[in-house]
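First up is the structure itself, then whatever we jot down about it.
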Amino acid sequence: MDRDIMRAFERLLDGRPEITGGSVNVVNIAAEAGVSRASYYRSPVAGAIKEILAAPSTKRPEVDELKAEVTRLRKELREFRREKAEEVRELKTTVSTYANQIQVLALRNAELEVDAAALRGQVADATAGKVRPLRKP
């Protein structure tokens with residue numbers, strides 16, 4: 001039982017809880033060890049754990065710190081997603097503008113092709129008197 005309590009305590013200190021939320025307290029140590037609180041308090045290990053926890057230099061995983069880190073990372077992720085969504089909107093607008101300009105240019109190109117074909121026809125039909133060649137062949 002004492003070994004189970006120590007292993008449970010070490011898991012909680014290392015931030016590797018198997019059963020509880022991770023806070024280092026009597027209830028969680030007993031739950032992780034699979035013993036009752038009364039059994040925990042009767043164990044000689046309880047006094048040693050109390051001394052370890054009372055020492056200011058004891059490194060404990062702070063659930064609040066971890067929660068704050070998760071909150072910070074979630075906020076950072078939301079900001080990143082917002083920035084990427086704005087970038088995608090801007091790119092879609094740019095693509096739409098380019099597509100409209102390409103369509104206008106394609107229509108203008110088709111008009112010019114029709115005009116060029118008409119002019120070629122007039123040059124070829126020089127006998128009709130509409131167009132005279134500048135140079136004589």
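Glu79 pairs by the side-chain contact (heavy atoms from CB on, under 4.5 Å) definition with Arg82, Glu83, not counting sequence neighbours. With sequence neighbours excluded, the residues satisfying side-chain contact (heavy atoms from CB on, under 4.5 Å) with Ala33 are Asp4, Ile5, Ala8, Val35.
With rounding to the nearest 0.5 Å, the separation of CD in Glu10 from CG in Leu12 is 10.5 Å. Residue Leu107 holds its CG atom at 12.0 Å from CD1 of Ile102, rounded to the nearest 0.5 Å. We find the CG-OG distance between Leu91 and Ser96 to be 12.5 Å, quoted to the nearest 0.5 Å. The CE atom of Met6 sits 9.0 Å away from the CD1 atom of Ile29 when rounded to the nearest 0.5 Å. Annotation: the span from Arg120 atom CZ to Asp115 atom CG amounts to 10.5 Å, rounded to 0.5 Å.
Considering only heavy atoms from C-beta on, Tyr41 comes within 4.5 Å of Val26 through its side chain. Between Val45 and Met1, every side-chain heavy-atom pair lies at or beyond the 4.5 Å cut-off. No side-chain heavy atom of Pro17 sits under 4.5 Å from any side-chain heavy atom of Asn28.
Listed here is the closest heavy atom pair of Tyr40 and Ala46: O-CB, 3.2 Å.
Other residues, nucleotides and ligands contribute more than 12 heavy atoms inside 6.0 Å of the CZ atom of Arg72. Atom CZ of Arg16 is surrounded by more than 12 heavy atoms from other residues, nucleotides or ligands within 6.0 Å.
Residue Val88 forms a side-chain contact (heavy atoms from CB on, under 4.5 Å) with just one option from Glu90, Lys92, Glu86, and that option is Lys92.
In the model, Thr94 has no side-chain atom that pairs as donor or acceptor with a side-chain atom of Thr97 under 3.5 Å.
Of the possible donor and acceptor atoms, none in the side chain of Arg11 sits under 3.5 Å from a partner among the backbone N and O of Glu18.
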Passes side-chain contact (heavy atoms from CB on, under 4.5 Å), Lys75 versus Arg78? Steps please.
CA-CA 5 Å; Lys75 182 179 178 183; Arg78 278 193 307 273; 3.7 Å; yes
